[in-house]
Amino acid sequence: MSVLEKAFHSPVGRKVAARAGLAEPPVLRRGRTYPGGALVLAQIGEATLGARTLDVLGRPYEAPVLDGGEDVTPGYGDRIGAVVIDATEVTRIDQLEHVRAVLRPAVRGLEGSGRVVILARPAGGDWEQRAVARALDGIDRTVAKELRRGATSNLVRVEEGATPADVASTLEFLLQGRSAFVDGQTWAVGHAPSVAGISERPLDGRIVVVTGAARGIGAAIARTLARDGAEIVAVDVPAAGESLAAVANEVGGTALQLDITAPDAGARIAGLVASRGARIHGVVHNAGITRDKMLANTDQSRWASVLQVNLAAQMRMNEVLLDPAVDGGVAEGGRIVGIASTSGLAGNKGQTNYAASKAGVAGLVEAMAPDLASRAITANAVAPGFIETDMTAKIPFVQREVFRRSNSLSQGGSPVDVAETIGYLLDPASQGVTGQVIRVCGQNLVGA
Ligand SMILES: NC(=O)c1ccc[n+]([C@@H]2O[C@H](COP(=O)([O-])OP(=O)(O)OC[C@H]3O[C@@H](n4cnc5c(N)ncnc54)[C@H](O)[C@@H]3O)[C@@H](O)[C@H]2O)c1
């Protein structure tokens, strides 16, 4: 900790910070926990998907009658834990009034780390329907910015044909503390021909490969997935061998010392898994590096190393591990997860190489998803914002404090927040989620 940082965290420093509007950020609800207060379901029009999905999850709810224009909606408990708005039948501008009517009294009474979840359809249909689909997005992003005390708002686009079983894992994730740092986001869920039921240990007995597992986000991924039942193959460079072994031991997994840029990296992973007569359920491409410089100072080696580790290596490994003829490769119904970054999606000064590699990861999973659908393999990415790790500890203090507070939750995320989002994507119940890039950034103001 620098002298400046120590002063900032001293009692006097805290008082000065509070006066400058830098109040202590809220402590977020995390883990497989639901909100404590009542769950309110607003059904607009003839919508039933939300109710049927909550039934799949076994969550009781109160459903106020919405007849428009009322500011005090009947049926709310004293403490509101979450509001689920089923807007899947909302097609007209005047129906948006129901969204306002149910949210206005609810946002005021929402508990700390409470939830707003909007279920809607993808943009389609006539001009008005398409406009309304975007309007709901605008509501979600703005409500997320207005909510206080760690409460979040997110919007799920449910494709036609998707059933409550397809949507259940997504609604479960969003209501639970696992989505603590996912805020103001939108992604889509489609229909999968066969989808597993909801489970507390969805990865039981399944092999998941995690690269860059020796520390930071990768170590948190290994721990979180092991909690969910996964057998972890923890990969990292030989130089990180000691901490890699410690993480692997802690989670009862296997350590594999391997530089992912080696031409035979995919083959070595498959070989290890094949030696057990098994196949892989999930590959989490977490290993990544930064070599930051303004573009004017970025030489070829800084460019090449970042693109090799963060993008080219995972593409080469995917080619091997997704080959059905390779023993120990990814099984039918498997999962690929890449780690992008908000820097890649929004651009970030001094990180052209990193942004190229991370936006490339988003492009890669979007391209892979349709090609893998016939084998029920999904490909998705998570894009972390500011997460408290060794990587971000290198940023100078003042800049770091600005970054960590520049989001709707006024704090940096924890590695476990990224890990939980990956766990949701790896869940066999998330079969209908593919080709998505989900930000775990607390609604980072940078390109949110
Ligand atoms: N920390 C953040 O705020 C943040 C934000 C956005 C994205 N990310 C991404 O999340 C991932 C993890 O980040 P972190 O903060 O935990 O980083 P970290 O530097 O703490 O850990 C990265 C790990 O990857 C390993 N690694 C690097 N090159 C490798 C290689 N060639 N082969 C095998 N392993 C290799 C390192 O040894 C290290 O253990 C990275 O892809 C990073 O770009 C992090």
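Scope of the values below: all heavy atoms of this structure, side chains included, with no hydrogens, waters or symmetry mates. Note that ligands are numbered from 1 as they come in the structure, with each ligand's atoms numbered from 1 the same way.
Residue V237 touches ligand 1 through backbone and side chain together, judged by heavy-atom distances below 4.0 Å. Contacts between I289 and ligand 1 below 4.0 angstrom, taking non-hydrogen atoms only, involve the side chain exclusively. The backbone of A340, and not its side chain, has at least one atom closer than 4.0 Å to an atom of ligand 1 (non-hydrogen atoms only; backbone = N, CA, C, O). The part of V309 lying near ligand 1 is the side chain, judged by heavy-atom distances below 4.0 Å.
For ligand 1, one of its N or O atoms has an N or O atom of I217 under 3.5 Å away. Not one N or O of N310 is nearer than 3.5 Å to an N or O of ligand 1, by distance alone. Between F386 and ligand 1, no N or O atom pair is found at a separation short of 3.5 Å. Every N/O-N/O distance between T392 and ligand 1 stays at or above 3.5 Å. The distance criterion of under 3.5 Å between nitrogen or oxygen atoms is not met by S341 with respect to ligand 1.
No side-chain N or O of Q308 forms a donor-acceptor pair with one of T261 less than 3.5 Å apart. Using modelled atom types and a 3.5 Å distance limit, the side chains of N407 and Q443 yield no donor-acceptor pair. There is no side-chain donor-acceptor pair under 3.5 Å between N310 and H285. Inspection of the D427 and S169 side chains reveals no N or O donor paired with an N or O acceptor under 3.5 Å. Side-chain atoms of R157 and T88 include no donor-acceptor pair closer than 3.5 Å. Residues Y424 and T170 bring a donor and an acceptor atom of their side chains to less than 3.5 Å of each other. For D417 and S414, the side-chain atoms include no donor-acceptor pair closer than 3.5 Å.
Contact analysis leaves V235 out of contact with ligand 1, as no non-hydrogen atom separation drops below 4.0 angstrom. Contact annotation: A313 has no heavy atom less than 4.0 Å from any atom of ligand 1. Heavy-atom separations between G413 and ligand 1 are all 4.0 Å or longer. Heavy-atom distances between E388 and ligand 1 stay at or above 4.0 Å for every pair. In this structure, T342 does not count as a contact residue of ligand 1, since none of its heavy atoms falls inside 4.0 Å of the ligand.
Cation-pi geometry between R291 and Y354 is not met at under 6.0 angstrom from the ring centre and within 45 degrees of the axis.
Counting only heavy atoms of the protein, atom 5 (C) of ligand 1 lies nearest to G385 O, 3.1 Å. T389 OG1, 2.7 Å is the protein heavy atom nearest to atom 15 (O) of ligand 1. Ranking protein heavy atoms by distance to atom 35 (C) of ligand 1, first place goes to A287 CB, 3.6 Å. Residue, atom and distance of the protein heavy atom nearest to atom 32 (N) of ligand 1 are I260 N, 3.0 Å. In this structure, atom 42 (C) of ligand 1 lies nearest to the protein heavy atom Y354 OH, 3.5 Å. Given atom 19 (O) of ligand 1, the protein heavy atom at minimum distance is R215 NH2, 2.7 Å.
Using a 4.0 Å cut-off between a side-chain N of Lys or Arg and a carboxylate O of Asp or Glu, E172 and R178 qualify as a salt bridge. Salt-bridge formation is not detected for the pair R108/E146: no Lys NZ or Arg NE/NH1/NH2 atom is positioned less than 4.0 Å from an Asp or Glu carboxylate oxygen. Between D137 and R141 there is a salt bridge, since a side-chain N of the basic residue sits under 4.0 Å from a carboxylate O of the acidic one. For E388 and R400, the salt-bridge test fails: no basic side-chain N is under 4.0 Å from an acidic carboxylate O.
Taking only non-hydrogen atoms, the option from Q257, M391, R439 nearest to atom 17 (O) of ligand 1 is M391. Scanning V382, N286, I339, D236 for the heavy atom closest to atom 40 (C) of ligand 1 points to N286.
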